[in-house]
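I have placed the structure first, in the form of structure tokens, so that the comments after it can refer back to it.
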Amino acid sequence: MAIIIVAIIFVGFSGDESVTISSSGESSPIYKGSNGVSIMINVYENTEIVNKMIDLFVKNQVTATFFVGGCWADDNIDTVKRVIELGFELGNHGYFHKDHKKLSEDGNYNEIKTCNDLVFKNTAYQMKLFAPPSGSFSKTTLKCAQKLQMQTIMWSKDTIDWRDSDKNLIVKRATSNVENGDLILMHPKLHTLNSLQEIIDIIKEKGLKFTTVSKCCNLVAL
């Protein structure tokens with residue numbers, strides 16, 4: 001049964017929800033799902049690697065969710081269409097990778113909506129998930145996402161591959177104590193691509209299935 005995590009601001013997910021509260025009392029949409037493991041890929045660069053990741057996922061019969069930056073998507077519509085056509089889930093990662101915690105209400109709203117509009121205009125795909133760049137957000141961010149009928153999504157496991165290029169470290173961060181409901185954050189980096197097959201193999205060996213963020217978390221429509 002779905003429950004409301006934070007009234008008015010956003011609707012939560014059924015399953016094992018968790019919301020962290022900062023010292024300022026701000027709610028953080030960090031979730032644990034209940035139906036499989038989902039790989040979240042935040043994309044603003046390296047289109048060639050994005051396509052190689054897609055190839056690897058298809059080869060291994062693995063699905064995932066790609067959160068695309070609007071300015072990247074604008075230059076790479078063919079790849080965005082490929083993500084959709086192959087059955088992967090597409091999410092919004094803002095348009096210019098701004099710090100949403102520092103943006104005004106109009107700034108938050110426009111960053112999310114502009115990315116939505118670009119993707120919809122070119123693909124007719126309506127994105128329903130928003131992953132704030134760098135995980136930075138405010139109550140205003142959540143409010144704007146909700147106004148656009150979107151869920152704000154964070155991760156439960158971070159490979160920190162944007163900073164660290166050690167393959168073994170990336171594999172460890174993605175798979176250590178991995179369990180049903182985990183959302184694993186990655187980026188299209190060469191070292192991440194080189195780690196991906198091992199990550200997939202380990203998670204499959206644990207008897208866990210791969211799915212999209214929406215299905216992993218039993219996404220509830222706003």
Side-chain angles (χ1 to χ4, degrees), residues 33-93 115-116 118-131 151 153 155-162 165 167-176 178-219:
S34 60
N35 296 311
V37 172
S38 183
I39 292 177
M40 302 171 56
I41 301 176
N42 291 350
V43 184
Y44 266 95
E45 60 179 350
N46 297 334
T47 304
E48 181 179 359
I49 294 175
V50 172
N51 278 295
K52 288 182 179 180
M53 285 181 154
I54 293 171
D55 292 341
L56 190 60
F57 286 142
V58 170
K59 176 184 175 182
N60 286 273
Q61 297 183 307
V62 166
T63 190
T65 300
F66 290 82
F67 288 88
V68 297
C71 61
W72 172 85
D74 195 18
D75 293 331
N76 295 278
I77 291 298
D78 286 346
T79 300
V80 174
K81 289 180 178 178
R82 185 174 184 234
V83 168
I84 297 167
E85 289 167 358
L86 289 172
F88 296 100
E89 185 172 43
L90 200 64
N92 184 321
H93 197 41
C115 184
N116 272 358
L118 170 75
V119 169
F120 186 77
K121 177 182 177 181
N122 286 280
T123 68
Y125 187 99
Q126 185 64 61
M127 297 184 290
K128 292 295 185 181
L129 306 179
F130 170 63
Q151 301 281 0
I153 300 296
W155 57 85
S156 63
K157 284 189 173 295
D158 190 353
T159 60
I160 320 180
D161 54 356
W162 58 269
S165 58
K167 176 183 174 181
N168 292 331
L169 188 57
I170 291 170
V171 171
K172 180 179 179 180
R173 286 172 176 161
T175 63
S176 181
V178 65
E179 59 185 4
N180 203 36
D182 270 322
L183 309 181
I184 305 171
L185 178 61
M186 299 180 184
H187 299 81
K189 300 289 188 180
L190 179 59
H191 45 270
T192 305
L193 174 64
N194 292 336
S195 306
L196 198 50
Q197 185 64 61
E198 186 174 354
I199 290 169
I200 290 171
D201 290 343
I202 291 172
I203 291 175
K204 283 187 173 182
E205 287 170 3
K206 292 178 179 289
L208 299 170
K209 66 176 183 178
F210 288 95
T211 187
T212 62
V213 168
S214 290
K215 291 181 179 179
C216 179
C217 296
N218 290 325
L219 182 62

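All figures in this text were calculated on a predicted structure; none of them were measured in a lab.
- Across every non-hydrogen atom of M40 and L183, the tightest pair is SD-CB, 3.7 Å.
- Here the closest non-hydrogen pair linking C115 and G69 is SG-C, 4.3 Å.
- Counting heavy atoms from C-beta on, the side chains of I199 and M186 come closer than 4.5 Å.
- If you take CG on L86 and CZ on F57, they are separated by 12.0 Å, rounding to the nearest 0.5 Å.
- For Y125 (side chain) and L90 (main-chain N/O), a donor-acceptor pair under 3.5 Å exists by modelled atom type.
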* Asked: Between N116 and F130, does a side chain to side chain contact (heavy atoms under 4.5 Å, CB included) hold up when you go through it step by step?
  -> CA-CA 10 Å; N116 272 358; F130 170 63; over 6 Å; no

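- The two residues L118 and N122 have their closest heavy-atom pair at O-ND2, 2.8 Å.
- How far CG of D182 is from SG of C216: 7.5 Å, rounded to the nearest 0.5 Å.
- Identified under the salt bridge (Lys or Arg N to Asp or Glu O under 4.0 Å) test for residues 183-204, with sequence neighbours left out: E45-K189.
- Atom-to-atom distance recorded for K157:NZ and R173:CZ is 11.5 Å, nearest 0.5 angstrom.
- When atom types are taken as modelled, the side chain of H187 and the backbone of N42 share no donor-acceptor pair closer than 3.5 angstrom.
- The line from CD1 of I184 to CD1 of I170 is 12.5 Å long, rounded to the nearest 0.5 Å.
- Between the side chain of T211 and the backbone N or O of S38, no donor-acceptor pair lies under 3.5 Å.
- When all heavy atoms of P188 and N46 are compared, the pair lying nearest together is O-ND2, 2.8 Å.
- Within the 4.5 Å cutoff, side-chain heavy atoms of L208 are placed close to those of N180.
- Here the side chain of N92 pairs no donor or acceptor atom with the backbone of L129 at under 3.5 angstrom.
- Interatomic distance, OG of S165 versus CD1 of I160, reported as 13.0 Å (0.5 Å rounding).
- None of F88, W72, Y44 except one satisfies the ring pair (Phe, Tyr, Trp, His ring centres under 6.0 Å) rule with F66; the exception is F88.
- Contact of the S214 side chain with the E89 side chain is registered, since non-hydrogen atoms from C-beta on lie closer than 4.5 Å.
- Residue pairs satisfying the side chain to side chain donor-acceptor pair (under 3.5 Å) criterion with at least one member in residues 50-64, sequence neighbours excluded, are listed as follows: E48-K52, N51-T79, N51-R82, D55-R82, N60-Q197.
- Annotation for T65 and V213: closest pair OG1-N, 3.0 Å, computed over non-hydrogen atoms.
- Residues satisfying the side-chain hydrogen bond (donor to acceptor under 3.5 Å, both in side chains) test with H191, not counting sequence neighbours, are none.
- The two residues L196 and M53 have their closest heavy-atom pair at CD2-CG, 4.1 Å.
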